[in-house]
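Source: prediction; values computed, not measured. Chain identifiers are assigned alphabetically (A, B, ...) following the order of the sequence lines, protein sequences preceding nucleic acid strands; residue numbering begins at 1 within each chain.
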Amino acid sequence: MTKTTLIPVGPQHPVFLEPLNISLKLKEETVVGAEINYGFNHRGLEKAMAADFRRTIYMCERICGICSFYHSTAYCQSMESLFKVEVPERARFIRLVMMECQRLTSHTLALGHTAEAMGYESLFMQLFREREALMRLVNDISGNRVHYSINTIGGVRRDIPMEKQKEMLSVLDGLETRFAKLAKVFKDDRTIKERTIGKGVLTKEMAKKYCVVGPVARASGIPEDIRTSYCRDLDFQPIVRDEGDSYARSMVRVDETFQSIQLIRKALTMLPEGPLEVPVKGNPSGEAFIRLEAPRGEVIYYVKAKGTVDLERIKVKTPAFVNVAALSAMVPGCEMPDIPVITVSVDPCICCTER
Amino acid sequence: MSIHANDGAIEKIAERQSLENVRLATIITVDKGDGNLELIYVLDVNGALTSINCEFPQDQELASLSSVFAGAENMEREIIDLMGIRFEGIRGGLFLEPGSSIIAPLRKQPLGVK
């Protein structure tokens, strides 16, 4: 009879960028069970964010460095709903452009990280070279690389003038051409395929059970993307695959990268003239639910206010919180050396998970 | 007869799940400040958000939704840690270390440190 061995992977592990622990149960090299543990980095931000709604916008961008703009946009939209104001169309489009730029930086990071986990250092470096061009682009527009800080309740604080739009389109043209070559590596390279195809499969039924969202859900055949509602004027269709394995999760991100470039192009073409923000005065009251499609999936902001500067409750649902937990359904039956690649293919984000 | 204050909500969710395309988006808890807590199950039903609420006294144990959605377990573990609500068969300790952390920090009056 084969003995069961318990192997802790993490919280400190070379392949994890942040603290995450997977307690694996192994029979020889095969995983027969896993428990996912996090909570090593909890910051209690929901409590802090409720202290003063005017400062929350600063704090919510600090929840995560990869999807910071989504957090501030969702928060601002929640407050705009409470104040019953409609943001100008130009501001709505600028938010959309910046969100898609951040999706590009996030997906190139996730793909680079996956390449690194497979030991494909040159692919990792080339993806990060492309990501750096994007980081410089968003820095040129917003003045910041990570926390753009251009959102405000009622609109945005920075415009994308015509010369910046041209510069943006030129950077995206170059990126699209170079990224097509890297996408071909992801799609066709034999080593990548052997490390990812059929590994860490999450079936559609299990994906529904675990309530996963974003590229993880879409790679398991669930056609859910919140952009279907707020990008409807840009002719948006979600990218869906059926395999549910690490390869499908990476390929959804690869295809979404091209899709984001197209969305930015369309949004810039349709960018209407007009003001950037509307004034908002007083204190909020009421209850609001807002959701957006962040790079890792659905972000929900629930805000309950009572007409004072402090908020009754602010709750942030992040996609990584549900996606990371689904690892326990993906790894049984896999071999120990596949665990890092499977974990990274979920694009775990502990900053979001633990807030 | 209902034993837990949220039995009705869980039944409703299970029933909807069997008939429609339902995903549990999140579970929200709010301290009402009058000794009662509110639990809001947020569901994505065919692409639209909908919520099922229930209110209950703060010392009451609730039923777990993890038999319907496995993804609910960690959401409930988070609520145990941050709001001090008990769920049958679910343990806390996801975010806060039991025995050495503040208890229920998201309550209006946190329960202190053990």
Side-chain angles (χ1 to χ4, degrees), chain A residues 35-50 205-213 217 222-226 228-229 238 287-291 297-304 306 310-326 328-329 353-355, chain B residues 13-14 17-18 20-34 37-51 53 65-83 91-98 101-102 104-108 110:
Chain A
E35 189 183 304
I36 316 297
N37 298 305
Y38 38 81
F40 303 96
N41 205 21
H42 186 249
R43 293 166 289 166
L45 279 175
E46 281 178 13
K47 180 90 171 177
M49 281 160 68
E205 288 66 37
M206 289 309 277
K208 283 182 173 177
K209 277 255 167 217
Y210 277 86
C211 315
V212 296
V213 289
I222 298 174
E224 275 183 16
D225 193 318
I226 318 295
T228 313
S229 59
E287 202 178 27
F289 286 94
I290 290 292
R291 62 173 173 170
E298 178 191 67
V299 163
I300 297 181
Y301 266 65
Y302 166 79
V303 181
K304 190 172 183 184
K306 51 184 179 180
D310 59 323
L311 300 168
E312 180 91 350
R313 178 83 166 99
I314 178 163
K315 159 79 183 169
V316 184
K317 180 263 170 108
T318 58
F321 183 82
V322 282
N323 290 349
V324 171
S328 59
T353 303
E354 302 184 6
R355 306 177 302 286
Chain B
I13 295 167
Q17 197 223 12
S18 64
E20 299 171 282
N21 187 17
V22 176
R23 173 173 57 81
L24 175 68
T26 188
I27 309 175
I28 299 165
T29 43
V30 181
D31 186 351
K32 307 287 281 183
D34 57 358
L37 300 171
E38 187 183 16
L39 198 66
I40 309 170
Y41 292 104
V42 184
L43 307 171
D44 179 306
V45 183
N46 300 322
L49 277 191
T50 183
S51 59
N53 303 29
L65 187 62
S66 56
S67 56
V68 184
F69 290 106
E73 185 177 331
N74 274 2
M75 296 179 195
E76 288 168 350
R77 291 183 70 194
E78 180 186 8
I79 293 168
I80 293 172
D81 285 352
L82 304 183
M83 270 289 184
R91 65 191 162 89
L94 180 71
F95 283 157
L96 302 178
E97 200 178 334
S101 301
I102 190 164
L106 287 187
R107 288 247 189 116
K108 287 194 173 149

Exercise. Flag the one option from B/L49, B/V22, B/V30 with the top tally of heavy-atom pairs under 4.5 Å to chain A.
Key: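 Winner by heavy-atom pair count: B/L49.
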Quiz item: Using a cut-off of under 4.5 Å for heavy-atom pairs, which of B/V68, B/D44, B/L82 has the most such pairs with chain A?
Solution: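 The answer is B/D44.
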Would a 4.5 Å heavy-atom cut-off, applied to side chains only, mark [X] and [Y] as touching?
X	Y	value
A/V213	B/R23	yes
A/Y302	B/V42	no
A/R313	B/T29	yes

Rounded distance [0.5 Å steps], [atom1] in [X] versus [atom2] in [Y]:
X	Y	atom1	atom2	answer
B/T50	A/F289	OG1	CZ	9.0 Å
A/I314	B/I28	CD1	CD1	10.5 Å
A/C211	B/L65	SG	CG	8.0 Å
A/F321	B/L94	CZ	CG	5.5 Å
A/E312	B/K32	CD	NZ	8.0 Å
B/E78	A/H42	CD	NE2	6.5 Å

Quiz item: Based on non-hydrogen pairs under 4.5 Å, which of A/K304, A/E224, A/K208 is most in contact with chain B?
Solution: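 Most heavy-atom pairs under 4.5 Å with chain B: A/E224.
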Quiz item: Picking from A/E354, A/E298, A/M206, A/E46, which has the most non-hydrogen pairs under 4.5 angstrom with chain B?
Solution: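 Top count of heavy-atom pairs under 4.5 Å with chain B: A/E298.
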Self-check item: Side chain, backbone, both or neither of B/I40 within contact of chain A (heavy atoms, under 4.5 Å)
Solution: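 Side chain of B/I40 only, per the 4.5 Å heavy-atom cut-off to chain A.
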Self-check item: Proximal component of B/D31, with respect to chain A [non-hydrogen, under 4.5 Å]
Solution: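 For B/D31, the backbone is the part near chain A, not the side chain.
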Quiz item: Where does the angle between the aromatic ring planes of B/F95 and A/Y38 fall among parallel (under 30°), tilted (30 to 60°) and perpendicular (over 60°)?
Solution: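 Tilted, since the angle between the ring planes falls between 30° and 60°.
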Self-check item: Side chain, backbone, both or neither of A/R355 within contact of chain B (heavy atoms, under 4.5 Å)
Solution: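 Interface part for A/R355: side chain.
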Quiz item: What closest approach, in Å, do A/K47 and B/R107 show between heavy atoms, and which atom pair accounts for it?
Solution: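 Minimum heavy-atom contact is NZ-O, 3.4 Å.
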Quiz item: Got a salt bridge between B/E38 and A/K315, using NZ or NE/NH1/NH2 to carboxylate O under 4.0 Å?
Solution: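 Here B/E38 does not pair with A/K315 in a salt bridge, since their nearest N and O are not under 4.0 Å apart.
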